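This report refers to the structure that appears directly beneath it.
Lettering follows sequence order; numbering is per chain, from 1. Computed from a predicted structure; not experimentally measured.
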Amino acid sequence: MHDLRAIRENPERFDQNWARRGLEAQTSSILKLDEERRAVQTELQEIQQERNSLSKEIGLMKRDGKDTSDIEAKVGKMKDRMAELEERDRTLGDSLNQHLSSIPNLLDEEVPNGADENDNKEVRKFGEPKRSNDKPLEHYEIGENLGMMDFETAAKLSGSRFVMMHSGLARMERALAQFMLDLHTGEHGYTEVSPPLLVRDHVLYGTGQLPKFAEDQFSTKETGHFLIPTAEVPLTNIMADMIIEEDDALPRRYTAFTPCFRSEAGSAGKDTRGMLRQHQFYKVELVSITLPEDSAAEHDRMTDCAETVLKKLDIPFRTVMLCSGDTGFGAQKTYDIEAWLPGQDTYREISSCSNCGDFQARRMKARFKRKGEKKTEFLHTLNGSGVAVGRALIAVLENYYAPADGGVVVPDVLQPYMGGLKKIMPLQGATTEQLKASA
RNA sequence: GGACAGUUGGCAGAGUGGUUGAAUGCACCGGUCUUGAAAACCGGCAUGGGUGCAAGCCCAUCCAGGGUUCGAAUCCCUGACUGUCCGCCA
């Protein structure tokens with residue numbers, strides 16, 4: 001959401017910034033609506049003022065036992081015009097809100113201009129991609145050869161874009177999540193949260209998924225709840241409708257391990273093999289709430305927290321700053337962390353860390369007050385994956401694969417979470433049915 | 001799923017149709033007093049919006065949305081949430 005006052009004061013700044021995302025100029029139509037609405041409000045308030053004072057007078061006259069029918073009739077007549085103006089105010093306000101709430105956040109100065117992911121700017125690299133003479137396997141080949149990754153059964157139950165894992169891989173997924181949570185809570189100062197996974201529509205509005213991205217969400221028929229597409233949604237909304245003191249435990253840092261549900265409506269045909277893009281996946285999320293002046297530094301810190309996960313897993317990655325055309329709706333600036341996937345011979349996104357500035361805070365009314373000040377200000381919100389568990393599993397499979405025996409070495413940091421297991425070996429007689437029996 | 005009760009400012013808690021945006025207490029901020037502090041006393045203390053150079057003036061908001069009325073925190077309807085009891089259940 002955008003600050004209407006700021007738009008009034010400097011419309012060019014907004015139009016120019018939005019143009020970087022490929023949007024047409026918006027402010028003139030916004031300001032026209034705004035002007036019209038204020039004119040309506042002014043007239044309405046004048047009438048209301050008149051009504052209020054006459055009504056007070058009636059009260060006093062009645063107390064004195066005087067006749068008030070004349071004056072009552074007079075007030076009664078004002079009602080039509082008032083109703084008319086109220087209706088007009090509401091209509092104008094609605095379209096103004098609808099318009100404003102569908103426009104993406106302003107981009108940070110540093111964000112490079114560009115059309116799509118090809119224009120993203122690499123800022124860091126870690127590790128050396130492993131390259132071998134053999135053609136490396138993709139994660140689903142490794143997983144299926146292990147006999148622990150079953151897309152057929154998942155499809156039978158749920159259709160495409162679902163997977164069912166067994167045995168060592170199921171355990172490794174759990175191990176990854178535990179490892180990440182322990183890292184963020186133990187070393188990075190995040191508070192672990194176990195949030196609701198079903199939320200109401202206003203919560204998704206608060207973080208920016210609604211109204212514009214309704215078709216990307218799953219929802220429940222009976223109750224109208226939405227399944228969270230990321231824990232960013234419940235975690236950030238912890239601050240919704242609050243006014244806190246400036247020194248009240250800021251920054252706040254929350255982490256949660258949750259499933260995420262996405263309809264992937266717009267990605268038909270994309271990443272259809274394997275478990276890279278699923279309707280359901282696990283993710284460890286990081287969310288920070290800060291003062292405005294602290295969000296830039298917190299953004300770097302958060303990105304570092306996410307990178308640490310990959311460093312400890314010893315998976316090569318690079319970090320890119322998204323260009324204007326690739327930066328998401330609610331973000332001012334986003335770093336993607338891309339893990340090296342030997343099977344694809346490329347880096348793929350495994351984490352996305354965004355500074356949303358006051359954009360979400362404004363939508364959900366997350367505010368604070370500075371000491372001695374009367375005015376409230378909006379907090380800044382940040383979110384990042386720390387990291388996507390399913391994709392981390394993919395990265396481990398492809399980077400730790402042992403072609404000699406078809407096994408997958410368990411990264412050191414995960415071994416304590418897997419009972420000391422050092423390597424996942426293929427199950428014997430690798431047909432899915434047998435595997436399930438032996439699992 | 002059934003029955004009842006509730007939702008008021010940062011918190012607690014008055015208030016059932018007329019100067020109530022809202023008593024009172026606590027918390028918080030400023031002042032007096034004090035060597036300093038505490039106590040006591042005095043004063044201040046909601047949010048959003050309109051208008052104005054400004055001081056200010058005005059409008060809206062007592063869970064949300066409708067309605068009744070000249071006038072609604074207060075009456076009516078719908079919904080959300082919380083609590084209690086019953087039923088069911090991981």
Side-chain angles (χ1 to χ4, degrees), chain A residues 1-9 30-98 100-101 194-206 210 219-226 234 237-250 252 259 289 358 361-379:
Chain A
M1 186 56 82
H2 294 283
D3 181 1
L4 199 47
R5 282 199 174 142
I7 295 177
R8 259 179 235 155
E9 277 163 27
I30 291 170
L31 290 179
K32 206 177 140 203
L33 276 172
D34 176 44
E35 228 167 279
E36 196 179 338
R37 181 174 187 219
R38 274 149 67 205
V40 167
Q41 283 181 335
T42 304
E43 185 183 347
L44 176 61
Q45 290 179 6
E46 277 164 7
I47 298 178
Q48 282 170 330
Q49 183 181 353
E50 177 78 3
R51 188 233 11 221
N52 289 348
S53 65
L54 287 177
S55 288
K56 262 180 200 169
E57 214 173 300
I58 290 171
L60 292 174
M61 286 169 75
K62 286 213 161 160
R63 178 178 296 171
D64 299 340
K66 293 183 189 154
D67 174 58
T68 57
S69 49
D70 282 0
I71 191 165
E72 277 183 36
K74 190 174 165 192
V75 180
K77 271 185 213 156
M78 298 162 68
K79 281 186 143 181
D80 287 348
R81 182 62 182 156
M82 267 183 21
E84 200 179 308
L85 289 168
E86 272 167 9
E87 175 60 27
R88 190 104 190 86
D89 180 37
R90 194 172 10 225
T91 311
L92 287 166
D94 284 350
S95 46
L96 198 52
N97 270 337
Q98 208 171 352
L100 279 174
S101 60
S194 174
L197 308 177
L198 300 176
V199 297
R200 292 182 190 284
D201 56 359
H202 71 262
V203 178
L204 281 153
Y205 176 86
L210 292 180
S219 60
T220 63
K221 211 182 216 154
E222 305 73 20
T223 61
H225 284 103
F226 286 86
N237 274 282
I238 288 172
M239 304 304 294
D241 295 311
M242 301 230 288
I243 302 174
I244 61 170
E245 300 296 322
E246 102 176 85
D247 53 3
D248 191 2
L250 288 174
R252 299 199 184 189
I289 313 294
D358 67 4
R362 200 178 285 282
R363 290 171 89 99
M364 67 178 70
K365 298 186 176 59
R367 293 164 292 179
F368 75 98
K369 229 184 254 195
R370 292 192 194 273
K371 254 197 156 21
E373 294 285 326
K374 276 192 80 150
K375 253 322 232 183
T376 60
E377 291 177 55
F378 291 103
L379 291 159

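- Checking the phosphate oxygens (OP1, OP2) of G71(B), a side-chain nitrogen or oxygen of K79(A) falls inside 4.0 Å.
- Comparing H225(A) and I243(A) by the nucleotide of RNA chain B that holds the closest heavy atom to each, the one mapping nearer the 5' end is I243(A).
- Comparing the same atom, P, in A5(B) and in C89(B) gives a spacing of 28 Å after rounding to whole Å.
- Using modelled atom types, one side-chain atom of S101(A) and one backbone atom of Q98(A) make a donor-acceptor pair closer than 3.5 Å.
- The base of G10(B) has none of its N or O atoms less than 3.5 Å from a complementary donor or acceptor on the side chain of E245(A).
- When each of E46(A) and K375(A) is assigned the nucleotide of RNA chain B bearing its nearest heavy atom, the one mapping closer to the 5' terminus is K375(A).
- Judged by Watson-Crick or G-U wobble contacts below 3.5 Å, the nucleotide A12(B) has U24(B) as its partner.
- Taking 4.0 angstrom as the limit, K369(A) places none of its side-chain polar atoms (N or O) nearer than this to OP1 or OP2 of G10(B).
- Between N52(A) and the phosphate of U19(B), there is no side-chain N or O to OP1/OP2 separation shorter than 4.0 Å.
- The side chain of R90(A) contributes an N or O atom lying less than 4.0 Å from OP1 or OP2 of G66(B).
- For the pair R363(A) and Y205(A), the cation-pi criterion (under 6.0 Å, within 45° of the ring axis) is fulfilled.
- The phosphate of A46(B) has neither OP1 nor OP2 within less than 4.0 Å of any side-chain N or O from T376(A).
- As judged by a 4.0 angstrom heavy-atom cut-off over every strand, K74(A) is placed among residues making no nucleic acid contact.
- Considering only side-chain N and O atoms, R37(A) lies nowhere under 4.0 angstrom from the phosphate OP1 or OP2 of G49(B).
- Residue R51(A) has a polar side-chain atom (N or O) positioned under 4.0 Å from OP1 or OP2 of A60(B).
- For R38(A), a side-chain nitrogen or oxygen approaches OP1 or OP2 of U51(B) to under 4.0 Å.
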